[in-house]
Amino acid sequence: LERAMACSESLAKTSADRAYLRAEILWRLGAERVGDALDELNSFAAAYGSSSRNPTPMPRKILELGSRLTKLKELLERGEADVEDGALAEAERAFTAALKLRDQRRCGTDVSNGSKNKNPYPNRCRGDLLRMRAIARLDRLGYGRDEADAAAEDDDDDFDPEGDLEECVAIDPGDHAAWRVLADVSRERGDCEEAFLRLRRAQAAAPNSAKIAQEVFAAARAARDQIRGGKGTYEGRRVPSGVDARVDSFYKILGVTASATAKQIRRGYRKAAAVWHPDKWQSGGG
């Protein structure tokens with residue numbers, strides 16, 4: 001995708017092909033780039049409409065892509081807002097609706113049939129949607145397979161969160177957040193060795209993360225204990241303690257989860273600031 005973006009620079013800046021290609025590349029770079037893709041199309045539309053040399057209507061492909069991306073952005077923002085509000089079932093439905101859009105359907109590497117093709121297909125936005133939907137369901141129903149399966153029997157949208165996450169890391173093996181959640185799923189079902197291996201993949205994707213390094217060490221000790229016949233438990237991403245517990249409390253103060261994006265954290269900070277600002281906050285003690 002990055003090479004394709006570089007190649008688009010060779011096209012004329014006023015070209016519809018350039019705007020279309022860049023927008024198609026941008027949203028595939030990740031969910032957070034959907035807005036950038038729309039900005040690319042809007043910039044072209046503004047320049048196209050202001051030029052007296054363009055008596056022809058706006059190219060159809062620009063209009064169609066703009067419509068699809070607008071719908072995608074709307075569903076993304078709705079899902080993120082639902083997560084912040086704790087409405088996880090509604091968030092799942094929003095992310096599922098986004099995944100059903102034409103551009104988000106599975107393509108390229110098929111991880112469901114054991115394909116040996118190791119090259120991930122270039123749609124990181126789909127990977128982000130899969131991860132967000134999986135986390136919403138796991139946080140709502142539980143990370144243990146039995147409890148999640150039992151709680152999901154009455155749900156309209158039948159999907160496997162672990163399957164979502166596995167496809168996510170097939171799309172982008174460097175998605176350390178997805179690897180950490182997969183490790184928690186393994187831990188909850190008592191497979192500390194698998195949890196350790198998944199955390200190692202997260203560490204390879206984010207080698208400078210001290211928190212992931214701590215989790216890898218804890219999982220390694222738990223796996224060793226399990227092999228020796230012990231219980232083999234450890235506290236993972238969702239059950240922090242010590243310093244991690246204090247960090248987790250910061251997320252709770254902002255009303256977001258530990259897996260929140262930078263955008264969600266900023267939004268949570270603004271909401272908290274509006275409530276606790278000295279000019280607005282009133283305590284019972286005066």
Side-chain angles (χ1 to χ4, degrees), residues 27 30-38 68-101 104 124-144 147-162 164-165 168 175 177-178 180-182 184-185 188 211 236-240 244-283:
W27 73 259
E32 73 280 0
R33 303 301 301 274
V34 173
D36 295 336
L38 275 171
R68 297 200 305 272
L69 291 181
T70 299
K71 181 64 175 177
L72 175 59
K73 184 180 179 183
E74 175 190 332
L75 291 169
L76 271 168
E77 291 179 344
R78 185 192 308 170
E80 290 173 348
D82 287 337
V83 169
E84 292 179 13
D85 295 338
L88 299 179
E90 288 77 5
E92 283 179 42
R93 284 191 280 272
F95 295 139
T96 297
L99 284 162
K100 289 180 178 178
L101 295 177
Q104 298 300 333
R124 296 173 197 162
C125 181
R126 176 176 172 82
D128 291 342
L129 287 168
L130 289 166
R131 174 173 23 81
M132 291 188 287
R133 181 175 74 166
I135 291 174
R137 169 155 293 193
L138 290 168
D139 284 347
R140 181 169 70 93
L141 301 182
Y143 278 57
E147 63 179 327
D149 289 347
E153 287 180 355
D154 298 329
D155 282 12
D156 296 331
D157 294 318
D158 183 22
F159 67 91
D160 176 19
E162 188 171 7
D164 274 6
L165 292 164
C168 177
D175 191 335
R180 291 180 71 198
V181 181
L182 279 168
D184 276 344
V185 172
E188 287 293 330
K211 194 168 186 179
R237 183 186 66 90
R238 298 182 62 248
V239 192
D244 288 346
R246 293 196 295 274
V247 172
D248 187 57
S249 69
F250 300 152
Y251 289 111
K252 291 180 180 178
I253 290 171
L254 298 180
V256 300
T257 64
S259 59
T261 64
K263 180 180 178 181
Q264 292 170 337
I265 292 173
R266 286 195 296 270
R267 189 179 299 174
Y269 174 81
R270 287 194 293 268
K271 287 183 178 179
V275 174
W276 298 106
H277 192 280
D279 293 341
K280 297 183 179 181
W281 179 67
Q282 295 179 357
S283 66

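Position 1 is the first residue of the sequence; numbering continues from there.
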**Request:** Decide yes or no on side chain to side chain contact (heavy atoms under 4.5 Å, CB included) for Arg124 and Arg33, but give the supporting numbers first.
**Result:** CA-CA 10 Å; Arg124 296 173 197 162; Arg33 303 301 301 274; over 6 Å; no
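Between Cys125 and Leu72, some side-chain heavy-atom pair lies under the 4.5 Å cut-off. Contact of the Leu75 side chain with the Leu101 side chain is registered, since non-hydrogen atoms from C-beta on lie closer than 4.5 Å. Put simply, the side chain of Arg131 reaches to within 4.5 Å of the side chain of Leu165, judged on heavy atoms.
Taking CG from Leu130 and OG1 from Thr96, the interatomic distance works out to 9.5 Å, rounded to the nearest 0.5 Å. In this structure, CZ on Arg137 lies 11.0 Å from CG on Leu88, to the nearest 0.5 angstrom.
The salt bridge (charged side-chain N to carboxylate O under 4.0 Å, His left out) search around Glu84 returns Arg267, Lys271, not counting sequence neighbours. Not counting sequence neighbours, the partners of Arg68 by the salt bridge (charged side-chain N to carboxylate O under 4.0 Å, His left out) test are Glu24, Asp103. Take Ala87 and apply the side-chain contact (heavy atoms from CB on, under 4.5 Å) test, not counting sequence neighbours, and it matches Asp82, Glu90.
Heavy-atom minimum distance, Tyr269 versus Leu254: CA-CD2, 3.7 Å. Nearest approach of Cys168 to Asp175, heavy atoms of both residues: SG-OD2, 3.2 Å.
With Arg133 as reference, Asp164 is the one residue of Leu138, Asp164, Asp128 to meet the side chain to side chain contact (heavy atoms under 4.5 Å, CB included) rule.
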